[in-house]
Amino acid sequence: MPIENDGVMIILSSPSGAGKTSLVALLSKLKNFEVSISHTTRKPRPNETPNQDYYFVNEEEFNRLIKNQEFLEYAKVFNNLYGTTRTQVINYLNNGKNVLFDIDWQGADQIKNKKLDYKLITFFILPPSKEILFERLSSRDMKDKLIAEDRMKQFEHDVLHWINYDYVVINDNLESCYLKIKKLIEAEIKNGSKDYDKEFIRRHVENLTS
Ligand code: 5GP
């Protein structure tokens, strides 16, 4: 059972390019919310700041963290390793901070299966259409253009994991998507009523994959 004053774990996952990172950035500005900073073996993008966006490490260091059992979860995504270390997250939660995780479905599954003594709310973010997703992936930067098509292919597989999340939210507009997630988190924490239509989401996924 979660202790009343403990923070809540909030996972946001999505196929690449659905806008989840911007949503996490907005949510992190809320009072008492912190972001879990992941370790990765991926190289930094030009707009990324080390130790703020990620802890960028080499494979040797990543493997050392695995061996020392420092990860709450880790996974290989697009040929790079990504992982969440335990200590920082647990400290935040024990101090009553809500922790936001920008991680993929493999990490979300691992954290779910750990059945930790903290409340967990999971969100899966979807793009409004495949066309918009491709635009978003292509416009990131020149280097990413080369891999946009690969990530589109990956999309078809990743989207199928929507079913394992508590809520699926469509990111057609950053601000309204943010407000929807914020409301759902508040409703979950206060045990209030949740405005959520799972059948609508099921139809949207069918459209995205048809
Ligand atoms: P990107 O390289 O675009 O920043 O992230 C690629 C994918 O890896 C995204 O879906 C992101 O959510 C996921 N990711 C980032 N950090 C972690 C992590 O610590 N663990 C897991 N499992 N996935 C992560």
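We number each residue from 1, following the sequence as shown. Values below: all heavy atoms of this structure, side chains included; hydrogens, waters and symmetry mates excluded. First listed ligand is number 1; within each ligand, the first listed atom is number 1.
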A.B. asks: Is there a heavy atom in Q106 that sits closer than 4.0 Å to ligand 1?
C.D. replies: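 Under 4.0 Å: no for Q106.
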A.B. asks: Could you list which atoms of ligand 1 come closer than 4.0 Å to a heavy atom of R42?
C.D. replies: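 Near R42, meaning under 4.0 Å from one of its heavy atoms, ligand 1 has 1 (P), 2 (O), 4 (O).
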A.B. asks: Can you name the atoms of ligand 1, numbered from 1 with element, that are less than 4.0 Å from a heavy atom of A75?
C.D. replies: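 Numbered from 1, ligand 1 contributes 22 (N).
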A.B. asks: Can you sort out which atoms of ligand 1 are near D102, meaning under 4.0 Å from one of its heavy atoms?
C.D. replies: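 Heavy-atom distances to D102 below 4.0 Å select 11 (C), 12 (O), 14 (N), 15 (C), 16 (N), 17 (C), 24 (C).
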A.B. asks: Taking 4.0 angstrom as the limit and counting only heavy atoms of G107, give me the atoms of ligand 1 inside it, by number and element.
C.D. replies: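 Within the 4.0 Å cut-off of G107, ligand 1 contributes 22 (N).
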A.B. asks: Between K119 and E188, is there a side-chain N and carboxylate O pair less than 4.0 Å apart?
C.D. replies: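 E188 and K119: salt-bridged.
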A.B. asks: Tell me the closest heavy-atom pair linking L23 and C177, and the distance in Å.
C.D. replies: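 Shortest heavy-atom contact: CD1-SG, 3.8 Å.
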A.B. asks: Quick one: look at Q110 and ligand 1, take heavy-atom pairs under 4.0 Å, and tell me if it's side chain, backbone, both or neither.
C.D. replies: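 Neither part.
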A.B. asks: Show the atoms of ligand 1 that are less than 4.0 angstrom away from any heavy atom in R45.
C.D. replies: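 It comes down to these atoms of ligand 1: 1 (P), 2 (O), 3 (O), 4 (O).
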A.B. asks: Give the atom numbers and elements of ligand 1 that come within less than 4.0 Å of a heavy atom of T84.
C.D. replies: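 Once the distances to T84 are compared, the set is 19 (O).
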A.B. asks: Is the shortest distance from a Lys or Arg side-chain nitrogen in R42 or E48 to a carboxylate oxygen in the other one below 4.0 Å?
C.D. replies: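 The answer is yes: the pair qualifies as a salt bridge.
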A.B. asks: Counting only heavy atoms closer than 4.0 Å, does ligand 1 sit against the backbone of Y54, its side chain, both, or neither?
C.D. replies: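 It is the side chain that touches ligand 1; the backbone stays farther off.
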A.B. asks: Assert yes or no for the condition that the ring centre distance of F71 to F62 is strictly below 6.0 Å.
C.D. replies: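 That pair passes the under 6.0 Å test.
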A.B. asks: At a 4.0 Å threshold, what atoms of ligand 1 neighbour a non-hydrogen atom of K20?
C.D. replies: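 So the atoms of ligand 1 that pass are 9 (C), 10 (O), 11 (C), 12 (O).
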A.B. asks: Can you tell me how far apart CG (L208) and NZ (K130) are? Round to the nearest 0.5 Å.
C.D. replies: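 One finds 7.5 Å between CG of L208 and NZ of K130.
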A.B. asks: Grab the two heavy atoms, one from K194 and one from N191, that are nearest each other, plus how far apart they are.
C.D. replies: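 Nearest heavy atoms, K194 then N191: NZ-OD1, 4.1 Å.
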A.B. asks: Is the closest N or O pair between G83 and ligand 1 shorter than 3.5 Å?
C.D. replies: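 For ligand 1, there is an N or O atom that lies under 3.5 Å from one belonging to G83.
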A.B. asks: What donor-acceptor contacts under 3.5 angstrom involve side-chain atoms of residues 199-206, with partners at least two apart or in another chain?
C.D. replies:
{"residue": "E199", "atom": "OE2", "partner": "R202", "partner atom": "NE", "Å": "3.2"}
{"residue": "H204", "atom": "NE2", "partner": "P127", "partner atom": "O", "Å": "3.0"}

A.B. asks: Taking side chain to side chain contact (heavy atoms under 4.5 Å, CB included) as the test, write out the residues that go with N164, two or more places apart.
C.D. replies: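 By the side chain to side chain contact (heavy atoms under 4.5 Å, CB included) rule, N164 matches D109, K112, H161.
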